[in-house]
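Quick notes on the structure that follows.
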Amino acid sequence: MREYNHKEIENKWRKRWTDADIYKTKEQKDKPKFYVLDMFPYPSGAGLHVGHPKGYIATDIISRYKKMQGFSVLHPMGWDAFGLPAEQYAIKNKVHPRIATDKNIATFKSQLEKISLNYDWNREISTTDPDFYKWTQWAFIQMFKKGLVYRSEEPINWCPSCKTGLANEDLEGGKCERCGSDIEQKPIPQWIIKITKYADRLLEDLDELDWQEHIKELQRNWIGRSYGAEIDFPIKGKGESIRIFTTRPDTIFGATYMVLAPEHNLVKKWIGEGIIENKEEIENYIQKAKNKSEIDRTDVTKEKTGVEIKGIKAINPARQKAGMDDVEIPIFIADYVLSHYGTGAIMAVPAHDERDFDFAQKYSLPIVQVIDCGEVPCTGPGKLINSESFNDKNSEELKEKITEYVDGKMTKTYRLRDWVFARQRYWGEPIPLIYCENCAKKDTGTNPNAGWHPVPEKDLPLTLPEVESYEPTGTGESPLAGISEWVNTKCPVCGAPAKRETNTMPQWAGSSWYYLRYIDPHNNDELVNKEKEKYWSPVDFYVGGAEHATRHLIYARFWHKFLYDIGVVNYKEPFQKLQTVGLIMAEDGRKMSKRWGNVINPDEIIENYGADTLRVYEMFMGPFDQAVAWSMDGLMGPRRFLERVFTLAEKLSEHSDEKLEKLLHKTIKKVSFDIENMKYNTAIAQMMVFAREAEKSNISKNDFIKFLKILSPFAPHITQELWEELDNPDFIMENEWPEFDEKKAKDEEITIGVQVNGKVRAEISLTPETTEEKARALAIEAVSEFVKDKEIKRFIYVPGKIVSIVV
RNA sequence: GCCGGAGUGGCGGAAUUGGUAGACGCGCACGACUCAAAAUCGUGUUCCUUCGGGAGUGGGAGUUCGAUUCUCCCCUCCGGCACCA
């Protein structure tokens with residue numbers, strides 16, 4: 001018996017396929033298209049471990065399957081290569097990050113090629129390539145021109161270890177997602193993108209997407225839209241007022257004090273005016289709040305603190321309008337109110353809000369119940385009380401009326417924050433903006449972007465200059481600020497001396513639109529050709545990690561919608577169907593990591609067991625979207641299966657047994673169905689059943705070839721080898737997917753269970769058309785045992801399913 | 001606290017609209033081959049059992065001839081959000 005020499009077979013075909021450029025995309029406009037995509041990786045220095053390719057293998061199977069079904073398939077790969085690790089490596093080893101990045105890309109690519117993933121490498125892209133980031137910069141400039149980008153000096157999340165500002169999405173529980181440091185608030189000049197302007201569309205368009213429901217839910221929660229009212233509370237004896245946001249305007253008669261966030265602008269103003277009696281105390285509190293890390297400040301378990309602003313009182317507008325006596329309420333600052341949510345100020349209704357209640361108890365503030373909903377604090381709806389003309393009516397129905405009554409307006413607010421878009425680091429796309437003092441002087445308005453101009457589009461890409469040191473400065477400026485010959489330039493509008501922006505874009509910039517570039521990767525005139533985009537978009541099937549649900553997948557949807565608005569793309573959403581991939585854990589149940597020393601390199605598996613075994617095993621491990629632990633023993637199952645298939649090729653017969661032929665049709669049907677539904681594990685199980693059965697029976701060459709075809713997306717090398725052995729000169733993946741005969745895929749006689757009083761007592765084989773089921777079922781001894789001497793109350797027969805007798 | 005998802009043999013898991021629970025794989029046991037071992041092949045493998053059966057899909061109730069699947073309550077684990085007004 002010959003041996004299954006995976007190494008020889010796989011090396012041979014890998015080379016032949018590459019030489020034939022077999023994976024090149026065939027853009028056949030007369031055929032239906034299918035765009036199947038992986039989330040492109042960050043090419044880290046460590047290379048791939050066996051977990052990485054799990055998703056890639058799945059898309060590879062779909063891609064091959066769709067090609068065999070006659071689709072015109074786009075299946076590309078590229079590199080999300082800007083980012084901190086390459087930069088840190090560069091700092092440590094005093095080499096340009098470009099060098100480390102190129103090396104890592106080469107490693108990754110060679111590892112992927114060993115698995116024979118059918119990527120069209122002619123369309124390879126990298127976010128760090130100037131021809132690519134030219135269009136990242138171009139899109140940013142369009143956003144700037146449309147007023148979606150603004151300059152801000154508000155405090156932002158700052159990671160003291162990475163020495164850069166971060167977006168809200170870059171935090172994980174108040175810590176830096178990358179390095180785990182506590183995040184501080186630091187006021188550094190920032191470029192911010194108004195992603196919140198798209199919040200409603202990001203929310204509403206989710207409904208039309210074919211994504212797993214829980215991922216949609218994550219995005220909905222992240223965006224966090226809530227409906228409520230904005231109401232002005234006048235300041236006593238001053239012509240100004242405090243605007244608050246509340247979801248419970250119905251409780252306004254119970255508002256007994258107010259709270260402003262420590263950063264609130266009015267507080268600054270009042271300190272400036274010198275009208276606060278306890279100025280020192282207030283300033284101390286503000287200072288303390290500032291020094292608290294984000295994680296301390298948002299710790300729910302901590303007791304709330306706050307300070308009353310003495311010398312200033314607010315008026316409860318509802319009580320005033322109703323002509324009630326006690327309308328004056330105190331104003332506090334407290335860090336449980338967040339400056340960036342709503343208006344940064346609240347009315348406190350201790351009777352109907354638990355936080356306000358805690359605070360009111362601590363500072364002995366009055367509690368006025370206005371809803372009859374039980375013992376305070378109670379937060380549910382109910383009949384209004386102590387609310388003058390609104391009494392006795394249901395609180396829910398009065399939200400709008402009461403808002404109107406106090407001249408407020410119904411509005412909505414979001415948990416989503418605008419996108420802090422600048423990083424004070426080297427290895428990213430330079431932000432293509434120029435500041436001209438001369439122009440700024442002429443701009444007398446309140447425009448926060450006064451004096452700022454985009455780099456003229458003809459000058460794109462604005463390439464990353466060489467620097468002496470890649471080290472972040474920590475001052476809020478990027479290393480680019482040190483290169484005066486790069487920084488100093490001319491104003492593109494007036495020609496006066498001007499300076500370049502020195503911050504770079506966040507890691508997420510390039511990945512927000514990269515999928516479009518694969519469609520037209522070498523276009524020098526446009527981001528993407530609109531006709532080509534119309535043909536290939538949207539991505540029909542997108543596979544990647546669930547951890548991107550509220551980062552990449554929100555940014556990319558936003559970026560795409562913007563491109564749609566300016567007419568660059570034809571469709572509103574980038575990714576029609578999304579499938580998340582479950583992690584592969586190490587054998588010890590932990591995440592694979594250098595730190596634990598439990599990493600398994602795919603190269604090693606391919607060397608010892610073969611790429612086909614690796615591919616089949618990773619798909620067989622369990623449900624695709626679930627995390628499973630790697631097992632060397634488990635790997636042997638798929639390996640034995642492939643050996644069995646290999647041996648089978650030597651014992652083909654003239655004809656297949658009828659029973660086996662039926663099993664083949666069943667198998668084709670199941671494998672096709674399962675591939676469409678991402679149920680690779682059961683598809684493989686079915687093929688294993690077939691192979692075992694075929695070993696015991698007679699199988700014809702023709703039928704064996706059909707089997708090879710349905711196995712080929714999973715195990716391309718071995719099936720190609722056997723295909724050639726059976727006198728086929730071409731490539732198996734370029735052949736048609738076999739069809740199944742529905743009649744043959746069905747059994748004539750089906751074995752079903754016979755139940756008596758709900759318990760299975762026997763089995764019976766019946767044809768679906770039979771009319772003798774009752775007589776035959778009762779004739780079985782095991783059944784008559786239980787039925788004799790008793791009256792049959794009911795006889796249920798569901799053809800093909802069950803016989804059920806009730807006595 | 002809120003929002004998702006999941007709990008099935010020794011293990012990974014299977015079970016399309018409610019219809020024979022445990023497919024397939026791993027592991028294990030026994031047997032064949034072998035001087036022996038590995039590999040391979042074959043048989044068995046949910047638990048209990050007085051061998052008649054009985055119990056069984058996290059726990060408890062319910063609907064049904066019939067529930068892993070549907071309804072209600074509870075427990076545990078995982079993921080996300082979390083002083084969001």
- Message: Can you check the distance between B:rU8 and B:rC72, where both ends of the measurement are the C1' atom (answer in whole Å)?
- Response: 22 Å

Would you tabulate the nitrogen or oxygen pairs shorter than 3.5 Å linking the protein to nucleotides 7-17 of chain B?
| from | atom 1 | to | atom 2 | distance (Å) |
| --- | --- | --- | --- | --- |
| B:rG12 | O2' | A:M621 | O | 2.7 |
| B:rG13 | OP1 | A:Q626 | NE2 | 2.5 |
| B:rA14 | OP1 | A:N681 | ND2 | 3.2 |
| B:rA15 | OP1 | A:K679 | NZ | 3.2 |
| B:rU17 | O4 | A:K801 | NZ | 2.7 |

- Item | Carboxylate-amine/guanidinium contact A:D356 A:K304, below 4.0 Å | no

- Query: Can a salt bridge be assigned to the pair A:R640 and A:E643 using a cut-off of 4.0 Å between side-chain N and carboxylate O?
  - Reply: no

- Query: Please, which pairs that meet ring-ring contact (aromatic ring centres under 6.0 Å, His included) have at least one residue in residues 335-357 of chain A, sequence neighbours excluded?
  - Reply: A:Y336-A:F359

- Query: How long is the line joining CD of A:E695 and P of B:rU40, in whole Å?
  - Reply: 12 Å

Please output the side-chain donor-acceptor pairs of residues 797-807 of chain A that fall under 3.5 Å, not counting sequence neighbours, one pair per line with the distance.
none

- Message: Is A:R761 close enough to B:rG52 that one of its side-chain N or O atoms is under 4.0 Å from OP1 or OP2 there?
- Response: no

- Item | Ion pair check, A:K662 and A:E693, cut-off under 4.0 Å | no

- Taking only the side-chain nitrogens and oxygens of A:K216, find out if one of them lies under 4.0 Å from OP1 or OP2 of B:rG4. no

Between protein and nucleotides 83-85 of chain B, what N or O pairs are separated by less than 3.5 Å?
| from | atom 1 | to | atom 2 | distance (Å) |
| --- | --- | --- | --- | --- |
| B:rC83 | OP2 | A:T298 | O | 2.9 |
| B:rC83 | O3' | A:R355 | NH1 | 2.7 |
| B:rC83 | O2' | A:Y336 | O | 2.8 |
| B:rC83 | O2 | A:K304 | NZ | 2.2 |
| B:rC83 | N3 | A:K304 | NZ | 3.4 |
| B:rC84 | OP1 | A:R355 | NE | 3.0 |
| B:rC84 | OP1 | A:R355 | NH1 | 2.2 |
| B:rC84 | OP1 | A:R355 | NH2 | 3.1 |
| B:rC84 | O5' | A:R355 | NH1 | 3.2 |
| B:rA85 | OP2 | A:Y341 | OH | 2.5 |
| B:rA85 | O3' | A:T246 | OG1 | 2.9 |
| B:rA85 | O3' | A:T247 | N | 2.4 |
| B:rA85 | O3' | A:T247 | OG1 | 3.2 |
| B:rA85 | N6 | A:L338 | N | 3.3 |
| B:rA85 | N6 | A:L338 | O | 2.9 |
| B:rA85 | N6 | A:Y341 | O | 3.3 |
| B:rA85 | N1 | A:L338 | N | 3.3 |

- Message: I'd like to know if A:K412 pairs up with A:D200 as an ion pair, taking the criterion as any Lys NZ or Arg NE/NH1/NH2 lying under 4.0 Å from an Asp or Glu carboxylate oxygen.
- Response: yes

- Item | Separation between the C1' atoms of B:rC47 and B:rU57, rounded to whole Å | 13 Å

- Pick the P atom in B:rA21 and in B:rU69, then give their distance to the nearest Å. 13 Å

- Whole-Å P distance, B:rC84 and B:rC75: 24 Å

- Message: Using every non-hydrogen atom in the two residues, find where A:G344 and A:H264 come nearest and quote the distance to one decimal.
- Response: O-CD2, 3.4 Å

- Task: Using a strict cut-off of less than 4.0 Å between a Lys/Arg side-chain nitrogen and an Asp/Glu carboxylate oxygen, indicate whether A:E742 and A:K669 qualify as a salt bridge.
- Result: yes

Please write out the pairs of protein N or O atoms and N or O atoms of nucleotides 67-73 of chain B separated by less than 3.5 Å, giving the distance to one decimal.
none

- Secondary structure of RNA chain B per the Watson-Crick/G-U criterion (both distances under 3.5 Å; [ ] crossing, | other strand, . unpaired) is (((((((..(((......[....)))((((((.......))))))(((....)))..(((((..]....))))))))))))....

- Which value, in whole Å, describes the distance between the C1' atoms of nucleotides B:rG66 and B:rG18? 8 Å

- Query: Is A:R640 touching bases, backbone alone, or none of the nucleic acid, heavy atoms closer than 4.0 Å?
  - Reply: sugar-phosphate

- Indicate, yes or no, whether a donor-acceptor pair under 3.5 Å links the base of B:rG4 to the side chain of A:E213. no

- Task: Give A:E217 one of three labels, base, sugar-phosphate or nothing, depending on what nucleic acid heavy atoms sit under 4.0 Å from its own.
- Result: sugar-phosphate

- Message: Could you tell me how far B:rC73 sits from B:rG22 if I compare only their P atoms? Round to whole Å.
- Response: 32 Å

